[in-house]
Structure formats: structure tokens, C-alpha cells
Amino acid sequence: MSTAHPSPELVQEAVNTIRFLAVDAVEKAKSGHPGMPMGAAAMAYTLWHRFLRHNPADPAWPNRDRFVLSAGHGSMLLYSLLHLTGYDLSREDLAAFRQWGSKTPGHPEHGHTPGVETTTGPLGQGLATAVGMAMGRQYLNRLFATAGGPLFDYRIFGIVGDGDLMEGVASEAASLAGHLGLDALCFLYDDNRITIEGGTDLAFSEDVRARFLAYGWQVETVADGNDVEEVAAALTRVLASPGKPSLVMVRTHIGFGSPARMDSPDAHGAPLGPEESRRTKEALGWPLEPTFLVPAAVAAHLGQARENGQRWQAQWQERLAAVLAADAEAAALWQRLMAGELPAGWEARLPDFAGVAKLATRQASGQVINALAPVLPELLGGSADLAPSNNTAIKGGGDFTRTAAGRVLRFGVREHAMAACLNGLALSGLLIPFGGTFLVFSDYMKPAMRLSALMGQRVIYILTHDSIGLGEDGPTHQPIGQLAALRAMPNLVVIRPADARETAAAWRVALGRRQGPTALILSRQALPVLDGTSYPAAGAVERGAYILAEAGSGSPALILLATGSEVALALEARSVLEGEGVPTRVVSMPSWELFDAQPPDYRQAVLPPAVRSRLAVEAASTLGWERYVGLDGAVLGMTTFGASAPGPVLLERFGLTVAGVVARAKSVLQG
């Protein structure tokens, strides 16, 4: 906390500087959201100046406090604060708001703008991601336990708006945070009572205070969001009361200072316009020119953050050095995690499944997790109340609770919050989180998965029960379009392994990816484990597709492409076709994304352009396979929802049998 006591006049000048940097940027861009920054400027100033411990010279300092603008549409509030406190964000960057190639995109983007902790904009995501950040702090303190207290004492501050609190993901995450007693969390609620369509009372009349108290949070209220002393007092009270996450409800006014637009939906998502900007500046006593004005006194005042940050970081680095000097094992782990490296020889821990005849790939995945856990202490995760089905529990890892930071995360039936929390854990830059559910329920996770892909975070999704083969649970639980939807997401690698050996290889790929998430698509039912002496090494999984069985003559007349449980089916169909004189190649294609990244000569060697008779077999939507089978090929898959019956019955009824593959293959050959 800052010990400086600026004059009330300087405080007001600093708050107005934040306001009008936002107004000017939105006005210049002719688009954006000025109302939220105008209304929240005072409480944001108070938090950043008096409470936030950060170092603008080193945005990646591991023990920095995090600030999450969950109401990401108010991005100019954050950009103004970053600029004023000394981050690498210039006046010219502010003036380029929302323009091509600028550091100031319309919504905050992690990895794009220095000081932006997480990508926000889809409402509710920031709050839920922050819950994962708080979980990460707890777990890191387990990894680097010290006799002198926790090594990491950073807090996760943020601002949420009415829209954030309406989104379901915020409810899921807030409930989990209260259950776990994550007292590193402290959010300011920008209670301006306005949405795009009008007042929040159109659709939102709940008692937010009572709701968060019921979740297990502590709640303070501030009647006047422009009273920095009242905001500071409320923050001081909650930070002095450990054991619970905190919400400070601050009554604000959207578009504060605008004579025509304050407390109006019109202030939300459009520039004030030249005339109203002029009137607002006059109303608050702000010079009309120049635009993007930062008074020298304000620059010096808020620029103290650099000096303070360097001092805070230096003090912590001394503490870190002492901890690491006393523990060689901790020092080696710290060095490795900071470098983003995996330990030497870790791949030797992967099981080879020699001698195993049949195994569900979900079970194979669970064995991989537990084989690697002893040498990868940064690996932690869990499931949305499906650990026994997803095989996600780390044996002996202990549960993550309000009193113990174990490696087994119990998210409850909260898929959306789980995916967002995984992002928060990964954003530590030190941890590798995973989370599991049924593939069909990935629909609940998509918004957070998309942000993981956009931010390039190393998150691993374990999505089991991957086809109609799961059986009697019926069409509500049988995924059809989910694979196609996941494959459509940029920077998400989707891998559907054919057997246990490919599953181990898929984990090798996922752990090696440092710039994006991976989805492992796994079977409920047992699948044959392909004999390594008869088939190529499953290491070819890293290339996305490979020749699993060559045509008997060495020159195929037909290529069968398959993924997951259908690979064994394709191999059986090949035996029939070869017996009937049809030279048939089988290509296992666990990952489209990995295959598409291969050089052209490899792709053409696996799928020779001259072989136009191709059949793809996958127990899912056929959408997208045309890119690999071409105009002369076909796809045997699902074009309807499934049904409730035993898995083998469903596969037979929907034609996913050896006879079905052979018949369809012959029709392709006949043209």
C-alpha cells in the first residue's frame, strides 16, 4: 500500500486524467465504451495507487498483484492506468485505440499489451479466471513451502460489472471461490445499474450482497464511488479479514460528468461525440485541448508506481533467494519452471502398455497422469464431478480444499468455471493444469476454451465418452457435433487417439505444447491396444496422421482414414478388403491440426493425390472430412443424433461395423 498522501486536488486531477484519456481515445477511434471508465475511474485510481503491488518495469514479476478487468469493454480504463503508472504503453498507443496493429485493442488481450493479466471481454470470464489465479497461488505455496510463511502473497484484484454478475460462469466461479475460502481474491463491483438495453432492473433485481454472502464471500458497500477515502476504507477492511474472498460493492454512475449521458445506456458503447465531450470537460473543469492530456503533477504522482514496484520486487527477490539457497531441490524446480521446461528424461515415465490387450483410452490417460505426476509437480487438475469416469485423479495428490492445496481439483458440476479456472492456473506461467468432463459437455466450456486458445495457454482438456459407443445414456450424452466444433477453433489441438499407445503419445504432445491448449478425446469403451511389433510407433501421433497399415501390394487403390475407436474398425475392414483383392491403406489420423502443420511432402506421402478413392470413418459428425477425402471420397459417420441402447447395438444400427465400412468402401471404389 502506498504511504503517499496527495492533496484532494491532485487526487481529483488524477481521476479526471483517467476519465478523459478514455473519452479522448474512444472519441478518436469513433468506437468504444467510455461510460464505464468514466464512472469507475475513482475506485480504479484508489486501488491502483493505494493497494496494488506491481512493477511496471517487469510485468511478469511472479509475486506481483494481479488486476483483472472482468468488465473488459471498459478497456480504456485499464490502458489509461497502465500508461500513467509507467508500463510500456505510450500516449501514441492510447491514440491508436482499436486500430490495426496497436497495443490497445478493443478489449484487453493477454500477451498483446504489457500489464494485461488475462484476456477479457466475454463477461464473467475475468472473475472466473481470477478464481483460478487464486488457486494457483495456493498451489505454488505448496510447491515452495517455507518455514517463514508463504513465499507468494500476491492478491488478485479486479473489477466486475452488472453484466459480469449476470453471466452464469460468474455464479459458478464465485460459488467455488467461497467454498474454497480463496482470500487472495478481492473484486470491486462497478454497480452502475445500467446495461445496453436500459436499467438493470429490466432483468436483474437480485440482492447481490445477499447472494455473495451466501457464497461465503465477505461483502462491503460504498455509497459513493467518487469518494476515494470511502473506497480505500472498504478495501482496507476486507483485506484485514482473511479467510474469505471479498466483494466491495461500489455505487457508481456510468458516464460520470456527462450532462446528457450520465446514468444513461447511451454512455455505454458509443463515443460521447464532439459536443458532449466538450460539455463533459467543461462540467468537470478539464481543458478542452490538448487531447490525451496528462498534467505533469499527475504523471509524477502515478509514476511513483515504477519506483515502488522496483522496491517491492527487490525485497521479494531477496526473500526468494534466501528460500532457494536453503533448498537445492526447490532451487532446481524454480529454475526449471521459470524456463518453462520439462524435466530431463520425463518421457521415459510414459507407460508403453506392452502386453495389454484392450483398454479404454480414458483409462490409459489416467495411467499416464499417474505415471508422470511424480516427476511433474507442476501438473495438477481434476474434473467436473466426473473423476471416476474421466480418470483424472492423481493418486496420493490430495484434494485442493480451503485448508490444503492438493493436486486433485474438485470443481463440482461446473464445467464453465472449471475451464476458466484452468486458464487462471495456466496464467501463472509455472503450472500445467488439466480438467476433465464428458466430450458432450465441452459445450459448457467453449467460451473459456476459446480464450485459452486465444491467449496461447498450456491447458489440457480431458474429454471422455467420445462417441455413441458410450451406449445407454442416450443422445443427450452422446457427442455428435462437438468434435467438429472443437476442430474449428484456432490454436486448439484436438487429438483423438486410437488406443492406449496413441494416448501416451497424445499426452507427450500436449505437455510439449507451450503456446496453446490441447483437447484429448477419449473413449469410454475398451479398445484394442495395437501391437507395436506389427504397427508403426505411436510416436507418429505428433505428425497428426500416419500410415498405420500399408496396402498389401504397396500401392493402395483405397485409403481408409480413421480416428479413435474407429481405427481398429478400419483395420478389420482392411483385412476383408485385402482378402477380396483391394489394396487398402489405413491411415490413423488422431489430429487434423497436427497433420495440417506438416510439410506438403509428408502430407502427400500419407494421402497421395493420385489415390482419390478414400473413406473416412469416425463416429461423429461428418463435417470437415471432405478436406481429406476429396470430391471422390466419402465419410462414414453420424448425420443424426444417437439413441439409447448398448454401445455395440448403436454402432451396428448406425452402420459403424466392419460390414458397414466394407460396403461403403466398395461404393467409393465403384464411383
Side-chain angles (χ1 to χ4, degrees), residues 19 22 26 32-44 47 68-78 106-108 120-128 130 158-175 177-178 185-215 217-227 230-231 234 245-272 276 280 416-417 420 447:
R19 285 189 175 117
V26 172
H33 300 76
M36 184 271 181
M38 295 169 72
M43 67 177 180
L47 173 61
V68 175
L69 184 65
S70 194
H73 57 276
S75 58
M76 269 309 305
L77 175 69
L78 176 54
H107 291 80
T120 56
L123 293 175
Q125 289 293 327
L127 173 61
I159 293 178
V160 293
D162 297 301
D164 287 295
L165 299 189
M166 293 185 205
E167 288 286 0
V169 66
S171 299
E172 291 183 25
S175 173
L185 276 177
C186 180
F187 268 81
L188 295 164
Y189 169 28
D190 179 28
D191 182 16
N192 64 37
R193 305 180 189 179
I194 294 293
T195 62
I196 293 174
E197 294 184 358
T200 54
D201 56 1
L202 290 172
F204 188 63
S205 55
E206 67 190 39
D207 185 337
V208 172
R209 176 184 175 84
R211 170 184 163 191
F212 274 79
L213 288 172
Y215 285 149
W217 290 51
Q218 56 176 329
V219 182
E220 289 280 344
T221 58
V222 173
D224 180 5
N226 288 313
D227 187 334
E230 190 179 353
V231 172
S246 305
L247 183 73
V248 178
M249 301 177 59
V250 184
R251 178 68 173 105
T252 61
H253 298 272
I254 194 170
F256 180 82
S258 169
R261 298 196 182 182
M262 187 171 75
D263 292 329
S264 165
D266 293 339
H268 171 76
L272 297 181
E276 189 60 21
T280 304
H416 198 170

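- When the shell of 6.0 Å around CG of Leu202 is examined, it contains more than 12 heavy atoms from other residues, nucleotides or ligands.
- Scanning for salt bridge (charged side-chain N to carboxylate O under 4.0 Å, His left out) contacts around Glu276 gives Arg279, with sequence neighbours left out.
- Shortest non-hydrogen contact noted between Ala417 and Ala173 is CB-N, 3.8 Å.
- A side-chain N or O of Ser246 and one of Gln218 form a donor-acceptor pair less than 3.5 Å apart.
- Residues meeting the side chain to side chain donor-acceptor pair (under 3.5 Å) test with Arg209, sequence neighbours left out: none.
- Side-chain contact between Val68 and Thr120: present, with at least one pair of heavy atoms (C-beta onward) separated by less than 4.5 Å.
- The closest side-chain heavy-atom distance from Arg193 to Arg251 is below 4.5 Å.
- Between His33 and His268, the two ring planes are perpendicular [angle over 60°; tilted spans 30° to 60°].
- The closest side-chain heavy-atom distance from Met43 to Glu230 is not below 4.5 Å.
- Side-chain contact between Met38 and Val26: absent, with no pair of heavy atoms (C-beta onward) separated by less than 4.5 Å.
- Asp162 and Thr200 form no side-chain donor-acceptor contact under 3.5 Å, judged by distance and modelled atom types alone.
- If you check the side chains of Ser171 and Arg211, you find a donor sitting under 3.5 Å from an acceptor.
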